[in-house]
Amino acid sequence: MKGGISKKALVVWEIGLALLAAVLIALVLLIFYPRTWLWYGLLWLIGFIYVFFAFLYLPLLHLSCQYETTSEYVEYRGGLVFHTRKQMLRRSIMYVTIVRTPVSYLLRTRSIVVNSMGGQLTIPWLPLKQAQQLLNDITPRHPAQKGRIVQEIPITENQEMQP
């Protein structure tokens, strides 16, 4: 099973970036004396950074975030400058959780958290139906077996427990 994150994630990222740019512009307008070279320079810099992130970085980041499940592992890839690739063996998966936040409730998206004995893998911003299918696909089919290190020794009636 292959897929990517929801397009709604890109919308949320863009809105957050626009709010951050608005706050920075408001601070420049309030703090610095208007119509000076510093005032114009800061406004141009904020505008350039906003355009770069809104129209280049965030769309490419959205395209790079993908997941894949096979019979052996679950993998999540993402990132542009620092590309990350996280894999988890399916046989080591202990349990899988769907996480819902207030934002994901409004956008009808969910995040999947896959837990194993040594780590955790999070796949964010999945559409609701896709998250449910992924949950059903990667949930372990067999319950975990008891560990081989600790063995239970039965106590007979004649034996007493020794401290």
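Just so you know, residue 1 is the first one in the sequence shown, and it goes up from there.
For the atom pair L24 CG and L45 CG, the distance stands at 9.5 Å (nearest 0.5 Å). Taking CG of L126 as the start and OG of S6 as the end, the distance is 8.5 Å to the nearest 0.5 Å. With rounding to the nearest 0.5 Å, the separation of CD1 in I112 from OG1 in T97 is 8.5 Å.
Residues satisfying the side-chain hydrogen bond (donor to acceptor under 3.5 Å, both in side chains) criterion with Q66, sequence neighbours excluded, are R77. Applying the salt bridge (charged side-chain N to carboxylate O under 4.0 Å, His left out) test to R85 and every residue at least two apart in sequence or in another chain returns E75. For the side-chain hydrogen bond (donor to acceptor under 3.5 Å, both in side chains) test, no residue two or more places apart in sequence or in another chain qualifies with S116. Annotation: salt bridge (charged side-chain N to carboxylate O under 4.0 Å, His left out) contacts of R100 (sequence neighbours excluded): none.
L89 and L135 are members of different hydrophobic clusters when ILVMFWY side chains are connected at heavy-atom separations under 4.5 Å. Linking Ile, Leu, Val, Met, Phe, Trp and Tyr residues whenever their side-chain heavy atoms come within less than 4.5 Å leaves F32 and I49 in two separate clusters. Hydrophobic clustering keeps L58 apart from L19 (ILVMFWY residues linked when any side-chain heavy atoms are closer than 4.5 Å, directly or through intermediates). L128 and I98 are assigned to two separate hydrophobic clusters, defined by single-linkage of ILVMFWY side chains at heavy-atom distances under 4.5 Å. Linking Ile, Leu, Val, Met, Phe, Trp and Tyr residues whenever their side-chain heavy atoms come within less than 4.5 Å leaves V28 and L30 in two separate clusters.
The backbone N or O of P124 sits nowhere less than 3.5 Å from a side-chain atom of T122 that would complete a donor-acceptor pair. A donor-acceptor pair under 3.5 Å is absent between the side-chain atoms of S104 and the main chain of R110, judged by distance alone. Remark: side-chain polar atoms of R90 are paired, donor with acceptor, to backbone N or O of T70 under 3.5 angstrom. The closest donor-acceptor contact from the side chain of S64 to the backbone of L80 lies at 3.5 Å or more, if one exists at all.
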Run W125 and V12 through side-chain contact (heavy atoms from CB on, under 4.5 Å) and show every step you take. CA-CA 10 Å; W125 300 103; V12 171; 3.9 Å; yes
Checking side-chain contact (heavy atoms from CB on, under 4.5 Å) for the pair L43/L29: CA distance, chi angles, key distance, verdict? CA-CA 9 Å; L43 290 179; L29 293 175; 4.3 Å; yes
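Two residues are said to be in side-chain contact when any heavy atoms from C-beta on lie closer than 4.5 Å; V96 and N115 fail this criterion. Proximity of I93 to V74: side-chain heavy atoms (C-beta onward) are separated by under 4.5 Å at one or more points.
What you find for M88 and V114 is that their closest heavy atoms are SD-CG1, 3.5 Å. Scanning all heavy atoms of the two residues, the minimum distance from Y33 to W39 falls at O-CB, 3.5 Å. Looking at every heavy atom in both residues, I138 comes nearest to T69 through CG2-CG2, 3.7 Å.
Under the ring-ring contact (aromatic ring centres under 6.0 Å, His included) criterion, the residue pairs touching residues 41-80 are F53-Y57, with sequence neighbours excluded. Applying the salt bridge (charged side-chain N to carboxylate O under 4.0 Å, His left out) rule to pairs touching residues 14-23 yields nothing, sequence neighbours excluded.
For K86, the NZ atom is loosely surrounded, since the number of other residues' heavy atoms within 6.0 Å does not exceed 12.
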